[in-house]
Every structure is written in C-alpha cells, then in structure tokens.
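What follows is one structure encoded as structure tokens, with my remarks underneath.
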Amino acid sequence: MHCGNFQPRALSRRQMLIGSANGFGALAFGVLHAGENNKNKLNPSGGLHHQAKAKNIIFLYMDGAPSQMDTFDPKPLLTKYHGETPDKVLKVLPTQFNSIGKILQSPWKFKQYGQSGIWVSDLFPHISKHVDELAVIKSAVSNFPEHTSANYFLHTGSGLQGRPSWGAWTSYGLGSFNKTLPGFLVLNGGLIPPGGLDNFNSGFLPAAYQGSVFKYGPAPVANISRKESSEKIQKDKLDLVSRLDRLNMQKNGTHDQIESAIANQETAFLMQTSIPDLMDIKTESKATQDLYGVNSPNAPTKIFGTQCLVARRLLERGARFIELTCPSVGSDRWDQHSNLKDGHQKNALAVDQPIAGLIHDLKAKGMLDSTLILWSGEFGRTPFAQGNDGRDHNPFGFTCWMAGGGVKGGTNYGATDDFGYHAIEGKAEIHDIHATMLHLLGIDHKKLTFRFGGRDMRLTDVHGEVISKILV
Amino acid sequence: MPNDGSLLALGKINKSELDKIALAEKVDPNTLAEFLTYLLKADADTKHQDNFLAKKILHPELKGSGNKSPLSGANDLEFKESFKNKKLIVDYSNLSTSDWMPDDFSYGRGPVKIGALRISEQKSLHELQFAEYSAAMVDPFWKDLKHANGSEPEPGALGANRAGRILSTPSFTLEDGWVHFLVKGKAKVYCSVGAHLMIAGPLHGNLVRTIDMNDWGWVSIDLSRYKNLPAHLEFSSDDINFALRFVLQGGQDKPLLPTPAREFVARTLFALDDPLFYQEIQKMILELASLVKQEKVVDNQKNASLASLGNLLIHCGLIKFDTRAKLPISQLLEKQNLLQAEVCWESQLGLALHEGTGIDEKVFVRGSHKSLGEPAPRSFLTALGGAKLPKDNLGSGRLQLADWITNIEADPFLPRVMVNRIWHHLLGRGIVASVDNFGLLGEKPTHPELLDFLAVQFVEDGWSVKKTIKKIMLSSVYQTSSPPSDIAKKIDPDNLFLSHANMKRLSGESIRDAMLFISGEMNETMFGPAVNVNLSEFQEGRGRPASGPLDGAGRRSIYLSVRRNFLSSFMLAFDSPIPFSTVGKRSISNVPSQALILMNDPFVHQQSEKWAKKIIAQTTEPRARLDTMFWQALNRLPSSAEVEECLGYLSASPTATTDSEKWASIAHSLWNVKEFVWIP
C-alpha cells in the first residue's frame, strides 16, 4: 500500500469519468440523488488484505471516560466494602489527582438483559435492549492516566501529539466511497476532546486524509457555502474559469494534475448542495426522528440524536469513518471527579436513546452487518472515590463495546478484578482494539504502513493482536 | 575610635568633641558623625543586627556579660551535622562547573563566593559589599531585563517572567521524596519530576512553590508521590535579594539554620577587652583583605564574620575603596553604566531549552519506556563515524553533536543534504528523491556528481542558501518549460534526467502570499511577532486563541502563528505539514477541499476585491486591465482567445452587478484558473 512515497491521484479525468460505478460522474450522481435506496451503488471494496466484514465505522467517543463499574461491569464487592478505606482491600496506585477517598459503590442497579444476559446498569435503559448485538470488552487498558495523552493514544496509537488519527489511517487504507465526502468525518456534538483537533489529524499522512469536523447545522464545514449572491453568478464565474482552463490545456497539452484539479472544482461545486442536504434531517420521518431522540425535550439528547441520525445518512452516502463527539450536558463530560451520580446520569441521558436508535435503525435497514460501532472512552475510573462522590482516572481496566459488522453479538470478553480496578483476564490494549477494527475492515494492521522518517509507520506501531474471540 | 561612653550615652554629640576625636583618629568628622548616629540607633533597638556591637562600643562597662544568651542559630559544626542524614544535591559554596545550570546570565557567571565584592543597591544608594556567604545569587546587573512588547510569555502557574531567569539544579533520582533547600528572597520553584505533564504549568499544582522570605530559611517540599523518578528543581527569580545555598534530599526534618554572621561578629568582639578589641578588628580587616584575594575560600562562620564586619565598616564609611582597593565606587558604577548601555534589555526570545545533567538513556525495548534495556551511551550516528563523547564531558553533549554534524572534513553529509533539499524545492524532485533519508532505505542520487558539486560550492559560498538558490535558478535546467518531448516521454517517463520541467503546485504559503502580493495588500515587513491565524467558527477546542485578521494584516505566510491545534486551515488543505516533526518533502494532494477554498474562502474573495479595485484605479481600458491582470497572476499576457472569453463574460454578466464586482469576478476567476496554482 503506497510503498515508499505517496503518489497523488494519477487518474486522468477521462479515465475517472469512464471508470464504472466508482467513477466521478456516477458518484456525483449518487450524492445528488442519495436516498434511502442508493446503497447498492456503493459497493464495499472487499477489504485491502482480506475479505472485509465491515465497510465503515462509527466511533461513539465517550469523552472524559465513563466509569466501568457504573455502566457494564457490576462489582458487588464495592457495595460490601462501601465506605471502607481502599488500602484495606486493594493496593492503591497513585491517581491523577491523588485525592483518594473511600471505596464507592455504584449508585445504580444492574440487571441482566437479552438472551445473552449481559449486565447493564440503569444508566442505559435503551441500550440495554440491544445487548445481544454488543460484544462487551471489560478488560480494556490504556497506557495513559491523563486525558490529553490518553486521547492521542486512543485516536492515533501514540500518546504524543501529531500522529495520524485512526480515521485518517482508515481512509488512507481504503479511500472513500464518495468523492464529495471526506473519508473521515467527525460530527462535533459540542465538546472537542482534550488534545484538540489534533485527535483527528492526518499526521504524516497526506492532508487529504485528515478528519473533517462537521458542526451541527446546515453549513457544517468552512467554505461550503458560496459567497456570491446567487447561484447563477457563481456558475457564470466558474464557467469562465472552465473555459480559460480549457484554452490553456489546448495550448499546453493535458496534464493529469490539471485534469484532477478541474474535476475537483466540479466536485466542490456539487458539495455546496450535497453537504447541506445530508445534514438536513427534516426529510426523515417523524418516527425515525423520534427513534433517535431528535425531538427530545432534553437538548443534549436532541443534539446527539441528530448526530447519530446524520451518521446513518453519512453511511448511506459512503463515509468510511465517522466519529461522534459528546454534547455538553451543562456540567462536565463523562469526567466525574466529583458528583458522579448527577454527571453520569446527565451524560447517559444524552447518549442512551440516540445510540439505541442508531443500532435499531441500522439493523432495520440491514446496514448493521456492514457497519462496525465502537463505544469507548479514553480510560476508566477508580473503584474508590475521589473526594466523597467522584471517581478519578483509571487506565488499568475499563469497558468498551463493539457492535455490528463481524462482531459476535451478546459476548462478554475479559474481566477486571473484584473491584473493577485492574483488567486481569483477556487484557485488551488500545493497539488490540485498533488491530481488531482494521481486521474487520479487511486490513492487516501489520501491513498498513506509511514510510516516514525512514520507517514504515503503523497505527499499531509494533503492537496489536486481533481480539478474535469477539468476532463472528 | 570614640570610646567616650558617658558623653555619647546621653545621645548628645558634641561637635567640638567630635572634631577633636576625628582629628586624633585621622577620620573624616562627617563619617564619624554618621557612624555614631548608626551606633546610637543600633544601641536603642535590641532587635537591630548591630545591637551587640553598638553596646560594645558605646558601653565599654558592660564588658563580658550579654554573650551568655544562646546564639540564634547553629554554629558551623552543628549546622553541617544537622543535614548529615540527607543527601546533598547541590552546594553552591562548593560547586563543580557542570552543576552550574542557569538559562542565561541573570545569576552571573557562577555562584558568588564568600568575601567577593559586589555592588549592592539599596534605596538607590550604591555601595560595595562583601558577600557574607557563598551562594547562587541574582546578579543585580541584569535586573532590568524584560520581555519586549508582543512577546508571548509562558502562561500558567510557573509565572510569565521565567525566561532568562532560571537556575536549575542538577538532576537526581527522588528517594523518599523529601527535598529541602536553604534560600532567601523571592522566587518561584518548579520541581520538575519525570515527564510530568504541563498544562499552563504543571498539572500538579504542588510542584510549583512561591517563596518570599526576608531572611534565610529552609524550605521543605514533599514529593513522595514521585519517588524513584528523575527530578531537578528550577528556581526563577528577579529579586536581587534572592540567594540559594544548599539543595538536599531525604528525611522529613528540616536542618538547622546557621547563626547570622553579624551576630557572630558581635559575640566574638563583645567578649574582648578594649585593647584586644581594636587589635582584633585590625587583624580581622587584614584577614578580610587576604580573603578577598583568595580564589578558594571556605564558607564558614569565621569568614562570614569577616565579610560582615567589612560590610559594617563600609556602610559607616570607615573602609574607603578609593584608597584601599583603588576602585572607587563611582568609577565602578560608571564602568557598569557603560557596560549596561551595550545590553539589549528587551527581547521577544527566550531559551526554550537549556543545558541540564547529561544522562545516557536506556534503550526502550520495542519502544516502551516501561521495558528498559542497556544504557545507550550518547554518540554520533555509527553510519557517520560513531564519534563518542569524551570521558570528561559535562552536560548533555548537544554541543558535541552540533560539532559532529558540522564537521564536513569527516563527512560532507550536511551540505549534501542541504543542497539536495534546495534542489527538491526548486525542481520538484531531489537529486536524492528521499530528501529525509540518505540511508540504506533511501533512494540513490540521480546525479551524484552534481550533488557533490553543489555541496562543495555551497560550503565555498559560506553556506549561503541564497547564493545556492541563485545558482540553481540561473541554470538552464531550472528554466526549461514543462511540456515533454516525445522522446522524453518514451525513454524517461519519470523525467529523472530533467529534459523538461516538472509541473509544480504552489505551496499553501505561496498561494496566499501571491494573492496578497498581486492584490497590492502585502505587508513586506520582516521579523516581529507572528499574526494570529484567522479562525473559522469550526475551529474549536480548549485553548482557542483570539482569531486574527482575515488578511493576516497582509503579512507573509511565514509570519502566521503556528499553534498545533489551531493551524491555518488554508495551509492545511494545501499540505502544510502537521508541525510535529521535520518534513523535508511535503505531500502534494489535489482534493476538492482546495477548490472549495479557492471558490469560497472569505480571504480569497476579499483579496479579489482589493485587486480589482487597484486595477480599476490604475487603468480604464479593459484590454489593458486584462493584460496587467494576466501578467500579475500568471506571469504572461493573455491570448486573444482568453481576452475574448473575459470580455464576453464582462459584457454578459447580469447588468445589476457593478463594474468593481465584475472585475472582482475576473480577479477571482484568474486565481481559480488551474495555471495559477499549478505552474506549467
């Protein structure tokens, strides 16, 4: 894959237009007329190194790190030892803020759901209905106990700033199905995570693979709206440009780069309408909107529901990698150093119904099989309190889950100790999650490389094992 | 010396009596009067540092009593004993050169030695003073250094005024985590531990201490949370009273404080009989003189007493430097003023890194800092000779690394790499195409002799980048046009032998600069602070800076600020690299987002309008306008067909649009013509 140096797109415009269903003309048509039934036009590539199980990814990024023992990993011993000094039963390691309180039981009740009997706390009344679709990884670990580094690690496989985001790696490996859509999209719910926009960047990969951060609203990205007062004025101007370009080509001969640039101008023109169209969810039925919580009286639910619905619309149009960031719930994101009960309740309320709606809708439309959903924070939280009623950062064990394309639903994988503090069984490194994700997309994580600084760089560096037990 | 206690005890100084004594003692009567006034003040105030001494001189009848009350601090032996159980990190009275780690001159050239003469300034009164202890001290010479307007001081807990004022200790490994230091004055202390995260200062607030102490004291810091981590302390101060003597680690208990020098002087003298008293003072002054001359002096209470006594005598005008040391204070000050006039007091630049303790890192097995292998001694790349650091090397070895890299006698690697990059920028492909990699995995040069020729010329031209650029640009190979011949297409499809020019895409910076230059809006000022990037509403996140002006104040793109999370989206779209590592060769993408920028970016529209306005003001004739505009944007005149297209557009445009709108559209169109960005 692009051994040595990156070569810019070398197809001539002619070749592109001729080039079958994946050609530019067909794609532009596809976007303009993208509706509920166009998915047949967007054929999956079948993977890069082996048959793909999933053709695209939705990453539900739970900014701030939800607590494992309050969501999917019940620990009865926390109730038994509630209020005790943790040193009595645990070897307490230094935490970020080191304000170690007492053992803290979960404020929520857990129940088993579905055929699989997967445990879910009362925080997620909607998601719990879909547990038979989920593979719950209870043994995830991170290398960093602090948000910024942990976010870079989660997003790029390195704790340092500046490496390519996994979305960039994915679109570098597989490209986009759709020339009017970037391969890697971030739907910004309002909270840009610590570490900032560099979580979504292309690092040493070509700029074309950087994540496009879409805002909530009809003009989600910069420069998507024309500045001319009417479409005709802009069109006339661009027609003049085309005629001048043609004259120039007659004189100097054709050149691949010039032809691509001309094609890009035409694509860009179409994007001015196709992008706002895809953000416009008014065309969705009321039932669909309600399913996602788009009309919820709770504003954060409404925002996240809209993002989830837009994510589905993006899938239909061929986006490769879609990341959703959390909306602000008024207090903090999932980072409850204090007031765990109130904060987690609000954050759960914002995402529960939209995520359940997304799973339901994708399944109903037959799209879940080809879409990988990943739900994860950057690390977990401590079984003992920070202060009285919060939990500090804990990279030693936390829960994330996958669902959809190629994932064995209704699976529990790995385990933490009796207090939910350390992963003790089936430890899943972030690199393993990356390897698994790439595997499902038909990519061997050891073969997806880019030569930079004299080295063949990888998303998983020198690490990563596919977690095969959660795969179909 | 006056010893008429009865007269003076009444507090009345009789003028004629005084003159008589002055004459007898061969001192200036005014100086004597000043001295007496000082002594009377000290005598009346039991807390005055010279209370003992004043009593001794003014009340000889009190002989021998009064030294029975305990000393307020430890003597030499007790003092040293009190930190025997601790580990010495640094002792500024006995310092090896490699342990002196300031980031600039504000602490002088090294620690001040006991007995050294320094100009002190109190309430704008200057006098020479003997240093009463050996310590790292702020050098008052530099006290007026400051950040120039527009500089960006580091935000957060460490304080904005650090650059150029940092004194670091050597690195050490934290044992039980307790660190103690003997200090006075005002300072900020940053305990740098491991690779602790900095977010507007260190994440853990307890790593920063603010110190404000009138007198000497031990400060103890609990770093037990960071046990076994490497650490060093960074002191920053602009207080001329700041002084630091010892840094220790281990044990929670504070060591003792030494007895203040003046107190010790008084105690010593007080016990003596009158005749002995004067002899002793005489002896002490002689000893003091030899002390000053000595290179190596011991920091002990005796020497401290001598210096302290000297200071008292200077203070009261009884030692005059114009006769004794032939260095009148006024002359010294004059010299200092001359030197200070040469200093650039304001700067926007500060050192980001300064020399620390040299440590051989251990190999990170499979890249993990948690699985450490053998230490890897610092040395040059083995492929380039593998030179090793000398055994007696101090510090990090960065200087030696720079020497190795620039030693072209040993290896002409550096000029080769440099000229190859210049060639790459100008011709679109390096002679060695892998510009960042001249190693085994890199590509072979297409023209090795040319590479060496250019490298030799580069060095002979004094490493002048400009001369090298000029040399290449004046060559015929640079000036060829891009259409390939039929033969070239057949036998050299990749154009390795440069029979024609490679098509080039302007960089993001060049596109923006070209627009500014053409529109007449470019501000060609050199240097100065960067301009904030104009941020769109889509660029969000923590630490979002204020958005800059749309046109970047007309400054060249090199002056646009670079904040890693708030980069110019214009530059990013045109492949300006993410600034985390060197990128010798940018990728050249060709994507719709670039077209969207050229079509819709407000900056492009703004500049089109400015350009049109300029053209309209310059000429009236449409044909002449078009000639100028093509010449400016594309460096050639329009063909007749192009003129026809443009004139056709101008006449066919909706009548509602104004003349300036129409010409702005022409301007905008010319920047969207592919030839503007892709140079044939």
Side-chain angles (χ1 to χ4, degrees), chain A residues 5-6 8-9 94 96 98 146 148-149 160-162 179-180 182 188 192 194 196-198 201-204 206-208 210 213 215 221-227 232-233 236-238 240-241 243-245 247-248 251-253 255 257-258 260-262 264-265 267-269 271 453-454 461-462, chain B residues 197 199 203 225 366-367 433-434 436-437 439 441-442 483 503 505 536-543 564-566 569 572-573 575 578 580-581 583 587-592 594-597 599-602 605 639 641-642 645-646 649 652-654 657 665 668-669 672-675 677-678 680:
Chain A
N5 298 295
F6 168 70
R9 186 161 82 186
Q96 188 190 24
N98 234 24
E146 183 286 322
T148 302
S149 303
L160 300 175
Q161 185 169 5
K179 286 284 173 268
T180 69
N188 176 7
I192 293 291
L197 296 172
D198 244 12
N201 238 325
S202 54
F204 44 72
Q210 72 199 9
V213 184
K215 257 188 140 168
V221 278
N223 298 323
I224 201 66
S225 314
R226 62 172 154 70
K227 300 286 176 296
K232 181 166 186 331
I233 294 178
D236 285 348
K237 199 195 285 180
L238 291 176
L240 172 65
V241 173
R243 288 196 298 275
L244 293 175
D245 279 334
L247 284 173
N248 194 31
K251 198 177 70 193
N252 290 328
H255 193 286
Q257 294 285 18
I258 300 280
S260 296
I262 290 171
N264 287 334
Q265 184 185 305
T267 307
F269 180 74
M271 285 169 80
D461 195 8
V462 295
Chain B
L197 193 79
I199 302 174
L203 179 66
R225 202 176 158 175
R366 286 180 77 73
S434 54
D436 288 337
N437 191 350
L441 295 174
M503 179 169 281
R505 199 206 70 203
S536 71
E537 57 175 312
F538 304 96
Q539 291 173 280
E540 295 180 338
R542 295 177 173 200
R564 295 184 4 169
N565 268 319
F566 298 93
S569 36
L572 278 183
D575 301 289
I578 307 292
F580 88 108
S581 182
V583 174
S587 49
I588 298 172
S589 62
N590 194 351
V591 291
Q594 295 162 350
L596 279 171
I597 284 180
M599 281 161 59
N600 293 335
D601 193 88
H605 278 264
S639 67
E642 284 168 330
E645 285 291 359
C646 293
Y649 171 81
S653 275
T657 57
S665 288
H668 191 201
S669 299
N672 272 276
V673 164
K674 308 303 165 279
E675 191 186 341
V677 169
W678 294 91

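In what follows, chains are A, B, ... by sequence order, proteins preceding strands, each numbered from 1.
In this structure, the side chains of B/Pro592 and A/Met271 come closer than 4.5 Å at one or more pairs of heavy atoms. Looking only at side-chain heavy atoms (C-beta outward), B/Met503 and A/Ile258 come within less than 4.5 Å of each other. In this structure the side chain of B/Asn600 never reaches within 4.5 angstrom of the side chain of A/Ile224, judged on heavy atoms. Counting only heavy atoms from C-beta outward, the side chains of A/Asn223 and B/Pro602 approach each other to under 4.5 Å. At least one side-chain heavy atom of A/Asp236 sits less than 4.5 Å from a side-chain heavy atom of B/Tyr649. Between B/Met599 and A/Leu238, the closest side-chain pair of non-hydrogen atoms falls below 4.5 Å.
The two residues B/Pro483 and A/Asn252 make their nearest non-hydrogen contact at CG-O, 4.5 Å. Taking every heavy atom of both residues into account, B/Ser587 and A/Pro206 meet most closely at OG-CA, 3.4 Å. Smallest separation of non-hydrogen atoms from B/Trp678 and A/Ala261: NE1-CB, 3.8 Å.
Residue B/Asp436 does not touch chain A at all, counting heavy-atom pairs closer than 4.5 Å. For B/Ser569, no part lies under 4.5 angstrom from a heavy atom of chain A. If you measure heavy-atom distances from A/Leu247 to chain B, the contacts under 4.5 Å come from the side chain alone. For B/Arg542, the part lying under 4.5 angstrom from a heavy atom of chain A is the side chain only.
B/Ser669 meets the side chain to side chain donor-acceptor pair (under 3.5 Å) test with no other residue; sequence neighbours excluded. With sequence neighbours left out, B/Arg505 forms a side chain to side chain donor-acceptor pair (under 3.5 Å) with B/Asp575.
Side-chain atoms of A/Asn264 and B/Gln594 include no donor-acceptor pair closer than 3.5 Å. If you check the side chains of B/Lys674 and A/Gln265, you find a donor sitting under 3.5 Å from an acceptor.
Of the listed residues (A/Pro182, A/Ser202, A/Gly162, A/Gly203), the greatest number of heavy-atom pairs within a distance under 4.5 Å of chain B belongs to A/Gly162. With chain B as partner, the option from A/Leu197, A/Val213, A/Asn201, A/Asn188 having the largest number of non-hydrogen pairs under 4.5 angstrom is A/Leu197.
Expressed to the nearest 0.5 Å, how far CG of A/Leu244 lies from CD of B/Glu675 amounts to 9.5 Å.
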Worked check of salt bridge (charged side-chain N to carboxylate O under 4.0 Å, His left out) between A/Lys215 and B/Glu540: CA-CA 10 Å; A/Lys215 257 188 140 168; B/Glu540 295 180 338; 3.0 Å; yes

